[in-house]
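Reading through the structure tokens given below for one structure.
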Amino acid sequence: MATDNNRFQAIISHCKEYGFIFQSSEIYDGLSAVYDYGQWGSELKKNIRDYWWKSMTQMHENIVGIDAAIFMHPTTWKASGHVDNFSDPMIDNKDSKKRYRVDHLIEAKADELEKEGKKADADALLAEMDKLLAANDYEGLKKLIEDRKIKCTVSGTGNWTEVRQFNLMFSTQLGSVSEEASEIYLRPETAQGIFVNFLNVQKTGRMKIPFGIAQTGKAFRNEIVARQFIFRMREFEQMEMQFFIRPGSQKEWYEYWKEERMKWHLSLGIPKEKFRFHDHVKLAHYADAACDIEYEFPIGFKELEGIHSRTDFDLRNHQEYSKKKMQYFDSEINQNYIPYVVETSVGLDRTFMMILSEAYTEEDLSTADKQDSRVVLKIPPKLAPIKLAVLPLVKKDGLPEIAREIMDDCKSHFRCFYEEKDTIGKRYRRMDAIGTPFCITVDKQTKEDGTVTIRHRDSMQQDRIPATQVRELVQKHIG
Ligand code: ATP
């Protein structure tokens, strides 16, 4: 069985082998930290996105969704603070020319210390780093790296440059003739599309505070240290919700959304101890409180979602830069104000990686006379790419026709898969590997009494049920 690091590698290989995730432009040797979702990966990703969307919008009467464009007026990013502040402290190794994010470099050292059993030392190092980051003390950070003798993994030396800020936004040109073109950015977060539409949605939807606007979509960041598979990508997808509230009520709503979002993750059947909250010491330029929900990936506890109390920072700045009033009239207290905002922001790709990390299971099925094993993805049925596989035992005797009838009965209700090639055992294993929760087999007995064998993915238990009950049974489990 795989160790954690091996397990991570095994999941990456599995994703490729079974059509979940491919390296982008692979035939040209790939593009670093950019990935494509394959036939089953895109289904799983869509199901996660839909599940989030439904729980945010359909299940909350005071939250509506939008779909804003990726390109936005360049002033948006000036107003939001991203042009001036959206950067990470970096340091370069003079010998290898390799660039590191300072916090990642120090965290890697802390990981090393922890592995050597020096947990207290690791914690002290991280606490010192947090303090220096919070104070923007770059000289102090460089000194910490040197004092701790942190070395470049490529050159092996500690020959470092000064610590510098590096902006993470991608820019491009809008317009066809270069003299006329203006520089615009690929959005580094989806949130600003919500802020600039605050008045549109509030007025046309006649929304009353407190209310939320949700959105899913692509975001782009020129991540320097782009590794760890889909955990850190340069093009990724976010699922964000901005909740507009009365100033002064932010603490209460911040706590509310922390709890709500944790409940959502737990609803995926993941054990509680795999999650923890991590409060931010260094707050982003827009926040008055912020924390992460961290999940224990095979590469350790890492950020999955951010919950941020963003005050009125964004709306106030958009008001200033656009000269449009971002005010709300609260008839209950007879007052005009710029609403405060609590944001929940979760990465779709990281959620995907969490689901796979939980689901990926290697099982030893050996008996006294036979060595056997299987890899099964125990994905929650509601998220599984395919819900039902319909398998005629043999390709003749009228069995494919009956199987096709069952397919026709089910396929407009949920995703089904039909297959008649190979032995039934091999077909079951292929369905296990992509996480299909139910397989039904049509055999000779089906012709006699109208029943089929239904096989449950996780327990591998097989039952006989009437073919007419298949649709209802699957629907019950995926509802
Ligand atoms: P990190 O500290 O890991 O760089 P962040 O704090 O910058 O993340 P946020 O700006 O809070 O991230 O973005 C919200 C969410 O978007 C994150 O919790 C994460 O799930 C996702 N996310 C951010 N950056 C990336 C990325 N490069 N690749 C994949 N997902 C990302």
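Atoms within a ligand are numbered from 1 in the order they appear, just like the ligands themselves.
A heavy-atom distance below 4.5 Å is found between the side chains of Leu266 and Lys272. With a 4.5 Å cut-off on side-chain heavy atoms, Leu133 and Leu141 count as touching. Counting heavy atoms from C-beta outward, Lys258 and Cys291 have side chains that approach closer than 4.5 Å.
Salt-bridge formation is detected for the pair Glu363/Arg374: a Lys NZ or Arg NE/NH1/NH2 atom is positioned less than 4.0 Å from an Asp or Glu carboxylate oxygen. Taking a cutoff of 4.0 Å between a charged side-chain nitrogen and a carboxylate oxygen, Glu128 and Lys131 qualify as a salt bridge.
By the neighbour-count criterion of 12 heavy atoms within 6.0 Å, atom CG of Asp279 is densely surrounded, having more than that number from other residues, nucleotides or ligands.
At a heavy-atom cutoff of 4.0 Å, ligand 1 is contacted by the side chain of His308 but not by its backbone. If you look at Met354 next to ligand 1, there are no close heavy atoms at all, none under 4.0 Å. The parts of Arg232 lying near ligand 1 are both backbone and side chain, judged by heavy-atom distances below 4.0 Å. Within the 4.0 Å heavy-atom criterion, the part of Leu304 lying near ligand 1 is the backbone and not the side chain.
Considering backbone and side-chain atoms together, Val346 places no N or O closer than 3.5 Å to any N or O of ligand 1. Residue-to-ligand polar distances place Glu303 within reach of ligand 1: an N/O pair is separated by less than 3.5 Å. The distance criterion of under 3.5 Å between nitrogen or oxygen atoms is met by Met233 with respect to ligand 1.
Distances below 4.0 Å separate heavy atoms of Glu223 from the following atoms of ligand 1: 24 (N), 26 (C), 27 (N). Those atoms of ligand 1 that come under 4.0 Å of a heavy atom in Gly306, given as number and element, are 18 (O). Residue contact check: Glu305 has heavy atoms under 4.0 Å from atoms 18 (O) of ligand 1. Taking a cut-off of under 4.0 Å to the non-hydrogen atoms of Arg101, the atoms of ligand 1 that pass are 4 (O).
Nearest residue to atom 22 (N) of ligand 1 from Tyr295, Phe352, Phe236 is Phe236 (criterion: closest heavy atom). Ranked by closest heavy atom to atom 15 (C) of ligand 1, the top entry among Ala33, Ala191, Ser345 is Ser345.
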Legend entry - side chain to side chain donor-acceptor pair (under 3.5 Å) evaluation trace for Gln192 with Thr76: CA-CA 7 Å; Gln192 296 305 322; Thr76 310; over 6 Å; no
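Distance from atom 19 (C) of ligand 1 to its nearest protein heavy atom, with residue and atom name: Arg350 NH1, 3.5 Å. For atom 21 (C) of ligand 1, the nearest non-hydrogen atom of the protein is Gly347 CA, 3.7 Å. If you check which protein heavy atom lies closest to atom 29 (C) of ligand 1, you get Phe231 O, 3.2 Å. Arg221 NH2, 2.9 Å is the protein heavy atom nearest to atom 10 (O) of ligand 1. For atom 13 (O) of ligand 1, the closest heavy atom belonging to the protein is Gln238 NE2, 3.3 Å.
The distance between the ring centers of His265 and Tyr295 does not fall below 6.0 angstrom. Aromatic rings of Phe22 and Tyr35 (six-membered ring for Trp) have centroids beyond the 6.0 Å cut-off, not under it.
Classified by interplanar angle (parallel below 30°, tilted 30° to 60°, perpendicular above 60°), the ring pair His60/Trp257 is tilted. Using a 30° and 60° split on the angle between ring planes, Phe198 and Phe244 fall in the tilted class, from 30° to 60°.
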